[in-house]
Peer 1: 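Mind looking over this structure? Questions follow.
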Amino acid sequence: MNDADSTSPAYSMDDLVALCKRCGFVFPASEIYGGINGFWDFGPRGVALKNNLRDAWWRDMVECPPIGPDGEPLSIVGLDSAIIQNPKVWEASGHIGGFNDPMVDCTESKKRYRADQIRVLISWDVEADSGDDSHPAIQRLYAFIEDDESSYKSAIKKTTKYAKAIGVSVVDNPEHWSFSHPEFADARQYIVGPDVETPGTLTEPRMFNLMFETYIGAIRDEDNKSYLRPETAQGIFTNYKNVLDTMRVKLPFGIAQVGKSFRNEVTPRNFIFRSREFEQMEMEWFCPPDQSQVWYEFWVEQRTNWWKSVGLTGDNLIRRDHDADELAHYSTACADVEYRYPFTSPGYGELEGIAHRGCFDLDAHQKASKTKLEYFDQDLQVKLQKEGVDKEEIKQRSKYMPHVIEPAAGLTRGVLALLCEAYTPDPERPSGVVMKFNPAMAPIKAGIFPLVNKDGMPEVAQKLYQELRTKYACQYDGKQSIGKRYARMDEAGAPYSFTIDGDTLTDQTVTVRDRDTASQERIALDQVSTFLADRID
RNA sequence: GCGGGUGUAACUCAAUGGUAGAGUGUCAGCCUUCCAAGCUGAAUGUUAGGGGUUCGAGUCCCCUCACCCGCUCCA
């Protein structure tokens, strides 16, 4: 029965949030003014952790990219596009849709309607009006789309059929009200959407645009309106041609970008998991359409392993392939790398999504911008020529729109996952908790302590500290007792502590205290730097 | 967005409607030869914010904000 315990976290989110504040990882934004919903600030330790994760991604993606399935190193270049772009970018990408209109979603058919176009038949019971209280209650109200003859007829038909089934007679020419009518606020559970048979699948009307608006220049009018980007990906698509024209890249290749994105979430929740300002690490992998499935599999595998490499080694990390009905209409495949956060446990929450986007984005931007974004595949041309393929066919086949595989990771969510994974309650320890970060991710790599502040120990410890700090984030601490200093390192997640004691002065050795086991070993003073390098770099 | 809960020092919590406190932590000093030891001293409060009732409000009432839980939502 204790197996169930392995899926439920040994700590609460409150505990983690408290530690994050206490140890300078994450603070509520604008806290002295009462905070602001959906925004968080990274403290000194938090920004160190975030930068370490970001730098690892950049290194493993751009500087030292993986080896491809064919044994060749991949070609991926970096990019840093502006947060604010021409609003036409967001029109083309589909982010400005149902712009000023409240929208209604159907949770079953996945269709989205303009709320003001949805009408609901009001077909009252003739018997009930005559004062007979024994009639069955009408629990089906059929909706249709305004000015859509077929959906209106369908709704009438369904209403009549339903009325017959429950044995009431309804008026022949019912009137109809807008779905947004206040009368329906409590009756939504009875309303049947235009394209489904079961009631209660329509959400309440809501403004759908999640983008933050801003105005360019001093004049606040519609002409100057723009948006903070809701994803970094579009900046990559809009620069695809620039990169192609200048960087001597050939398909397949990738463009990678890390940066802030903004979404005006209805309900920010769960600490930094869903915040209105967050950071993404996205890469768009452009490839020939016929290779796209191979690359998709490659990247799903690659990205799952990468998260393991930064410390998410336990069974809290899973790959989850989307079902067909979960996919966006342009996407043929999508998988998430998910993590079991305390607030999702025993379920999982998204960490990264790897989507097969086809040529949806480039097509959309080509059409909207009237800029040719097709790729001329010279290698293919040569190959086809050698095969003796017809000239016209070569011309046609060697020019095509690349397909795109998009591994889109949440940096902010990654930091949260690292924090969750590291958080290890330990009642045996004075600190009560140890942050077991992967050494490469740890905000502080080492503590350097004199055992006591006399007999020359502080001088030796200072010298060691001065040496180490040229390469690593480390801390010198000579205050209070040695136990307290170790406890501080446990909470901060520093993997190693080096202590200069009496023996150091005679035999030039120091003790290394391991954060995870609290055990100690002695190593030579002049080997400390190498010791760290072996375990961190 | 809806419903419920919470909000006092950095943290954990006290304080009949009557002078805002303790422990921990932090800082300084002493002491200290390996896991938050001890001693001495110090700093830190718009009681989440605003309004009201009252001679007097941390406490009662109203509004706002933030966070948590459950729905809703999640390009």
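Note on naming: letters A, B, ... go to the chains in the order of the sequence lines (proteins, then strands), and numbering restarts at 1 for each one.
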Peer 1: Once Watson-Crick and G-U wobble pairs under 3.5 Å are found, how is RNA chain B written in dot-bracket notation, 5' to 3', with | for any base paired to another strand?
Peer 2: (((((((..((((....[..)))).(((((.......))))).....(((((..]....))))))))))))....
Peer 1: Among B:rU33, B:rU72, B:rA36, which nucleotide sits nearest the side chain of A:Ala487?
Peer 2: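 Among the listed nucleotides, the one closest to the side chain of A:Ala487 is B:rA36.
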Peer 1: May I ask you to say what A:Ser93 touches in the nucleic acid, namely base, sugar-phosphate or nothing, with a heavy-atom cut-off under 4.0 Å?
Peer 2: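 A:Ser93: no heavy atom of the nucleic acid under 4.0 Å.
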Peer 1: Would you indicate which nucleotide in B:rC34, B:rA36, B:rC35 comes nearest to any side-chain atom of A:Ala518?
Peer 2: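 Selected nucleotide: B:rC35.
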Peer 1: Could you go step by step and tell me if A:Phe437 and A:Phe25 meet the ring pair (Phe, Tyr, Trp, His ring centres under 6.0 Å) rule?
Peer 2: CA-CA 13 Å; A:Phe437 294 115; A:Phe25 285 103; 5.8 Å; yes
Peer 1: Measuring only the P atom in each nucleotide, how far is B:rG52 from B:rA14? A whole number of Å is fine.
Peer 2: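 That atom pair is separated by 30 Å.
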Peer 1: If you take the centroid of each ring, where Trp contributes its six-membered ring, are A:Phe498 and A:Tyr472 closer together than 6.0 Å?
Peer 2: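 Between A:Phe498 and A:Tyr472, which both carry aromatic rings, the centre distance is not below 6.0 Å.
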Peer 1: So does A:Tyr486 reach the base of B:rC34 with its side chain, donor to acceptor, closer than 3.5 Å?
Peer 2: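 Yes, the side chain and the base share a sub-3.5 Å donor-acceptor pair.
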Peer 1: Nearest whole Å is fine: how far is B:rC34 P from A:Asp503 CG?
Peer 2: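 Distance check: A:Asp503 CG to B:rC34 P gives 11 Å.
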Peer 1: With a 4.0 Å cut-off on heavy atoms, is A:Asp501 in touch with a base, just the backbone sugar-phosphate, or nothing at all?
Peer 2: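 Result for A:Asp501 = base.
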Peer 1: Over all strands shown, is A:Gly349 touching base, sugar-phosphate only, or nothing at heavy-atom distances under 4.0 angstrom?
Peer 2: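 It contacts nothing in the nucleic acid.
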Peer 1: Report the distance from atom CD1 of A:Ile32 to atom C1' of B:rA66, rounded to the nearest whole Å.
Peer 2: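 Interatomic distance, CD1 of A:Ile32 to C1' of B:rA66: 15 Å.
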Peer 1: Just by protein heavy atoms under 4.0 Å, how would nucleotides 5-14 of chain B read 5' to 3' in B, S and -?
Peer 2: -----SS---
Peer 1: Quick check for you: among B:rA37, B:rC67, B:rG1, whose closest atom lies nearest to any side-chain atom of A:Arg269?
Peer 2: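 It is B:rG1.
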Peer 1: Quick check: A:Phe343 with A:Phe271 (ring centres under 6.0 Å apart)?
Peer 2: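 No: the rings miss the under 6.0 Å criterion.
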Peer 1: What contact category does A:Phe262 fall into here, base, sugar-phosphate, or nothing, at under 4.0 angstrom with non-hydrogen atoms?
Peer 2: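 Since no nucleic acid heavy atom lies under 4.0 Å of A:Phe262, the category is nothing.
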Peer 1: Regarding A:Thr238 and A:Gln85, is there a side-chain donor-to-acceptor distance under 3.5 Å anywhere?
Peer 2: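 Side chains of A:Thr238 and A:Gln85: no pair found under 3.5 Å.
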Peer 1: Is there any protein nitrogen or oxygen under 3.5 Å from a nitrogen or oxygen in nucleotides 24-31 of chain B, and what are the pairs?
Peer 2:
{"unit_1": "B:rU26", "atom_1": "OP1", "unit_2": "A:Arg488", "atom_2": "NE", "d": "3.1"}
{"unit_1": "B:rU26", "atom_1": "OP1", "unit_2": "A:Arg488", "atom_2": "NH2", "d": "2.8"}
{"unit_1": "B:rU26", "atom_1": "OP2", "unit_2": "A:Lys484", "atom_2": "NZ", "d": "3.4"}
{"unit_1": "B:rG29", "atom_1": "OP2", "unit_2": "A:Lys479", "atom_2": "NZ", "d": "2.9"}

Peer 1: Grab the two heavy atoms, one from A:Asp477 and one from A:Pro450, that are nearest each other, plus how far apart they are.
Peer 2: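 Looking at all heavy atoms of both residues, the closest pair is O-CD, 3.5 Å.
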Peer 1: What's the separation between atom CD1 in A:Ile500 and atom CG in A:Leu505, rounded to the nearest 0.5 Å?
Peer 2: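 Rounded to the nearest 0.5 Å, the CD1-CG separation comes out at 9.0 Å.
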